[in-house]
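Structure, as structure tokens:
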Amino acid sequence: MSTDTTAAAPEAIDGEALPFRYGATLAAAIERRWQDRWEAEGTFHAPNPTGSLAAPDEITGEKFYLLDMFPYPSGAGLHVGHPLGFIGTDVLGRYLRMKGRTVLHAMGFDAFGLPAEQYAVQTGTHPRKTTEENILRYKAQLRQLGLGHDDRRSVATTDVEFYRWTQWIFLQIYNSWYDPARQTARPIAELEAEFAQDKRRTPDGRGWCELTSVEQRGVVDSYRLAYIAEAPVNWCPGLGTVLANEEVTADGRSERGNFPVFRRNLKQWMMRITAYSDRLIDDLNRLDWPDSVKSMQRNWIGRSEGAQVRFPCGEAAIEVFTTRPDTLFGATYMVLAPEHPLVDVLAPAEWPAGVDARWTGGAATPREAVAGYREAAGRKTDLDRQENKDKTGVFTGAYATNPVDGREIPVFVADYVLMGYGTGAIMAVPGQDQRDWDFATAFGLPIIRTVQPSDGFEGEAYIGEGVAINSANADVSLNGLGVADAKRVITEWLVGRGAGEAVVQYKLRDWLFSRQRYWGEPFPIVWDEDGMPVALPDSHLPVELPEIDDYSPKTYDPDDADTEPEPPLSRASEWVEVELDLGNGPRKYRRETNTMPQWAGSCWYPIRYLDPENHERFVDAEVEKFWMGKDPARTDDTGGVDLYIGGIEHGVLHLLYSRFWHKVLFDLGHLSSDEPFRRLFNQGYIQAYAYTDARGVYVPAEEVVEAAEGGFTWNGQPVRREYGKMGKSLKNVVTPDEMCERYGADTFRLYEMSTGPLDVSRPWSTRDVVGSQRFLQRVWRNLVDERTGASRVTDEVPDDETQRVLHRTIAGVHGDYTALHYNTGAAKLIELNNHLTKAYAGRGVPRSVAEPLVLMMAPLTPHIAEELWSVLGHDGSLAHGPFPVADEKWLVADTVEYPIQVNGKVRSRVTVAADADTDAVQAAALADEKIVAALEGKEPRKLIVVPGRLVNVVV
RNA sequence: GCCCCCGUAGCCCAAUCGGCAGAGGCAGACCUCUUAAAAGGGUCACAGUGUGGGUUCAAGUCCCACCGGGGGCACCA
């Protein structure tokens, strides 16, 4: 390779006298040249073991799969906060590559999504056009940062070749069912075979052959992992689409757009993620993830163990779920959710004699009371229900029988019980549940304590640990047992009586998977003349999005709950109505007109990076095993990406969905890893100050100055400072483009990595960037003649002190890079350079120190390091090493200075040989005259010698 | 209300198993190079670790309570 690597003479901006001073101009020339060269030489191409990207000879060292959460290419472009994680991963990737590891690092785009579609609706521009322009802009912005990505592996979820495989994965899921006995997904054909051979009973007990083919298909469809269900979903008229639970905020609004969301029963595609609840929760223990994300997922899945108990009630029985079956003897009433189907059935025509006036809601009959209450509850939004925690309800007029003691207890309807959790009915135990206590107090219901509160307990409901009391019948007694034992005993008793069983409940619901949008993956599904869904065979993939004129779903008044979703694709009638031969002759079908949610593509993109050009499979099995396979050297390894870095905002949605898909594909034998991300790391955010004037209007943050007496001013007028996001409307956006122009990419990278450890959020401060620039300039000046651009290094043998500083730096930098503590790594490099500046002022730095310094800088500031490396006479790139190795002999000092403490206060210091043993150190300490004086002849009570650290004399 | 994380110099951040509170940067003061300018060179100062207790020979680090900031969950039975 004959690329010219001498420093180009820059335009005279840095001054005639010093044409080779390192500044923005010179940096720009160096950076552009090295970026071109890396691209031309394919420096960051990662070798696959086989397939189109195969280069088995280039595989050296252990592989490492490094991954960033890929960005959505928005029209606004990147601001300086976005690349923080990207630079962080790049530094690690470059370091590991220099150490000889085979590193895969690529960057793609999560390119389906609402903004491009909304822009299309407004302007008529095809979302593909907007999306592709934005991707090009992002790529240019990322390229100028010098990120070492394998550009051959850059995929976008909107690429037809990509979403063809998203559709293929959907079909894999659709064509599977979950076998709870084997705890695994299995092909649907195996289920059909079980039915056909009568090894499995049909839901209504008829023989398989007695069912019509449509009935048979209906039965099979009800087992699929992707299925159609008429279910209560989150309908958002303002957006014209339904949303997943995860996309709705706690106050019942859409995460995007903040529109009201209503619960509606609609037919939608669902994914049976609940089948994986246990594995998703249990396998968290096998992952190297932050505790915060693990606990968020545990919380979201919400597993609770308890018992399902039946309370007889007239002809019917009310089923309740409880985590506290030990408190059954304290159940003094029951509550049904307003939507509970038994509410209508139970209410008798007349109130029982002597009914408490508080219970009737003023109604003449129970049916009237219940109907009125139900209607009122139905009008309340979820938000109203949550905000108003005063307990309301009415008596149904019916009584149920407590199965443990035969007591008749009243049944209420109240909206503090939710239909969506458990069975939608509870047994109320006011003695041990504060909500029930509040209700019981309001309605004059009895309270029985069945757990002995701890001494001095002064609260109302007691939820703590304690022994059971008041809990015995003729058959069984819990009295004296602790909570756990009592639960076990009573559950066994219930099971024995056929009154209940031990069950596990989850908060997790199935994943609503269809959206009424244009810019998403079409489903590979058609509907036949029987109105049944039919999966398209693989040979019909991809199902491409049709061209249409109007990209918008029908949207409505955001508050109008009584509207129906109407997807934009439903208007593409030529595309929707098709005649296909799916193996039984040409027939007419209607295409599914919903599209997949944005999460679909992000569920599996890391897998496609591995083998982006494979047209036969979504990934080659050997390639997947190489990059993501389980490591037999680790116990119970999950396999997966070696390090995944991204923001914590994806803690539940993306990370839960992709784990689910990954596990299905693993179960079906398509993947060898059973988790997608072995290690997860949440980077912090770059935040920014914004300033408002007296009217509360944002002023350009760039132009605000700090007043001498404190406070801030803009154009002389005082402004108020606030801290938070960077955004156009806040007038505080700083872009990487600006930083590259003013300082160069290396300075920008170094600045972002220096301001703190990667997981810490920190404020952006443009004026601090100059510090990083100065460091690079000083290194440059130490090694390069600013007048001629020639090397200044010498062949001098460095002095011992310099050797020690160098090797201490090498040892430290290894640890810092590995731990993603780039701020301390950078500090050590600055320290080393500061030492060189002093020690070799005016005469050039020894080559044996200069070279390791340059190599160690390379992960953080790759362009200037490459340039210096070539100025020092090396032809090739340093991207693949070597990386300096510390020499032990320079890590140990000859002598150690020990501080001597008397009673914990430093009184003196002694210097002893580094290999002096404890006794010698002790002797030296006690012989020190200041210590002798401090002791005043007293005998030390205790002597602590911490080797290499200090001596403490206790008197 | 419950759970998790974080409080070190004017600011961003270091500090290994508990072992001398300071590595680095910004801003500041002073000196200096330069015709001049500063993104030139150099020197210096600045906190006892949010507050109050405790454990220890020794606490920024461990324990308890409180205060402040950030995040998650929230009538989940």
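The sequence lines fix the lettering, A, B, ..., with proteins before strands; numbering per chain opens at 1. Remember, it's a predicted structure, so these values are computed and weren't measured experimentally.
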- Message: The test is ring pair (Phe, Tyr, Trp, His ring centres under 6.0 Å); show your working for F443(A) and Y333(A) and say whether it passes.
- Response: CA-CA 11 Å; F443(A) 286 79; Y333(A) 65 102; 8.3 Å; no
Out of [options], whichever nucleotide has its closest atom nearest the side chain of [X]:
X: D768(A); options: rC26(B), rG25(B), rA14(B); value: rC26(B)
X: Y416(A); options: rG41(B), rC75(B), rA23(B); value: rC75(B)
X: R774(A); options: rG40(B), rC76(B), rA58(B); value: rG40(B)
X: N952(A); options: rG24(B), rA77(B), rC57(B); value: rC57(B)
X: V770(A); options: rA39(B), rG24(B), rC75(B); value: rA39(B)
X: Q901(A); options: rA23(B), rG19(B), rA39(B); value: rG19(B)
X: Y421(A); options: rC20(B), rA23(B), rC76(B); value: rC76(B)
X: M296(A); options: rG72(B), rC76(B), rG19(B); value: rG72(B)
X: R949(A); options: rA39(B), rA38(B), rG19(B); value: rG19(B)
X: V954(A); options: rC57(B), rA23(B), rC73(B); value: rC57(B)

Strictly by Watson-Crick or wobble contacts shorter than 3.5 Å, is anything paired with [N], and which nucleotide is it?
N: rG18(B); answer: none
N: rG68(B); answer: rC6(B)
N: rG60(B); answer: none
N: rC46(B); answer: none
N: rA36(B); answer: none
N: rA77(B); answer: none
N: rU55(B); answer: none

| request: Tell me which of I648(A) and K507(A) sits closer to the 5' end of RNA chain B, going by the nucleotide each one is nearest to. | output: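 Comparing both residues, the 5'-ward one is I648(A).
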On RNA chain B, check which nucleotide each of G756(A) and K942(A) is closest to and give me the residue with the more 5' one.
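Its nearest nucleotide lies further toward 5', so the answer is G756(A).
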Which whole number of Å gives the distance between the [atom1] atom of [N] and that of [M]?
N: rA58(B); M: rG68(B); atom1: C1'; result: 29 Å
N: rG24(B); M: rG69(B); atom1: P; result: 33 Å
N: rU61(B); M: rA15(B); atom1: P; result: 15 Å
N: rG48(B); M: rC6(B); atom1: P; result: 23 Å
N: rU55(B); M: rC13(B); atom1: C1'; result: 30 Å
N: rU8(B); M: rC2(B); atom1: C1'; result: 30 Å
N: rC26(B); M: rA39(B); atom1: P; result: 11 Å
N: rC3(B); M: rC66(B); atom1: P; result: 11 Å

At 4.0 Å (heavy atoms only), tell me whether [X] reaches a base, stays on the sugar-phosphate, or touches nothing.
X: V946(A); result: base
X: T323(A); result: sugar-phosphate
X: K294(A); result: nothing
X: S772(A); result: nothing
X: S765(A); result: nothing
X: Q773(A); result: base
X: T322(A); result: sugar-phosphate
X: I830(A); result: sugar-phosphate
X: V760(A); result: sugar-phosphate
X: Q505(A); result: nothing
X: T423(A); result: nothing

Stepwise side chain to side chain contact (heavy atoms under 4.5 Å, CB included) test for W764(A) and Y751(A)
CA-CA 10 Å; W764(A) 175 265; Y751(A) 168 72; 3.3 Å; yes
- Can you name the side-chain hydrogen bond (donor to acceptor under 3.5 Å, both in side chains) partners of T450(A), sequence neighbours left out?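 Listed in chain order: Q432(A).
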Atom [atom1] of [X] to atom [atom2] of [N]: distance rounded to whole Å?
X: Q777(A); N: rG41(B); atom1: CD; atom2: P; answer: 6 Å
X: Y822(A); N: rG25(B); atom1: OH; atom2: P; answer: 21 Å
X: W780(A); N: rG40(B); atom1: CH2; atom2: C1'; answer: 17 Å
X: E752(A); N: rG25(B); atom1: CD; atom2: C1'; answer: 15 Å
X: R781(A); N: rG41(B); atom1: CZ; atom2: C1'; answer: 8 Å

For R781(A), give me all partners under side chain to side chain contact (heavy atoms under 4.5 Å, CB included), at least two apart in sequence or on another chain.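 R781(A) satisfies side chain to side chain contact (heavy atoms under 4.5 Å, CB included) with R21(A), Q777(A), R778(A), E786(A) only.
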Q) Would you call rC17(B) syn or anti, using the 90° rule around 0? A)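 Base orientation: syn.
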Exercise. Is rG71(B) syn or is it anti, if syn means the base angle is within 90 degrees of 0?
Worked result: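 Anti conformation here, the glycosidic angle of rG71(B) being more than 90° from 0.
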Minimum-distance pair of heavy atoms, taken over all atoms of L336(A) and A425(A) =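 Of all heavy-atom pairs spanning L336(A) and A425(A), the closest is CD2-CB, 3.5 Å.
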Checking side chain to side chain contact (heavy atoms under 4.5 Å, CB included) for the pair D326(A)/V451(A): CA distance, chi angles, key distance, verdict? CA-CA 9 Å; D326(A) 61 301; V451(A) 178; 4.2 Å; yes
Verify, without hydrogens or angle tests, whether R509(A) (side chain) and G420(A) (backbone) share a donor-acceptor contact under 3.5 angstrom.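 Yes, R509(A) side chain to G420(A) backbone: donor-acceptor pair under 3.5 Å.
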Check: Have Y691(A) and N732(A) got a donor and an acceptor in their side chains that come within less than 3.5 Å?
Finding: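 No.
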Taking the six-membered ring for Trp, are F321(A) and Y421(A) parallel (under 30°), tilted (30 to 60°) or perpendicular (over 60°)?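 Rings of F321(A) and Y421(A): perpendicular, as their planes differ by over 60°.
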Strictly below 4.0 Å: does [X] bring a side-chain N or O up to OP1 or OP2 of [N]?
X: R767(A); N: rC11(B); answer: no
X: S754(A); N: rC13(B); answer: no
X: R778(A); N: rG41(B); answer: yes
X: N823(A); N: rA14(B); answer: yes

Can a cation-pi geometry be assigned to K391(A) and Y416(A), taking NZ or CZ under 6.0 Å from the six-membered ring centre and within 45° of the ring axis?
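Yes, K391(A) and Y416(A) form such a contact.
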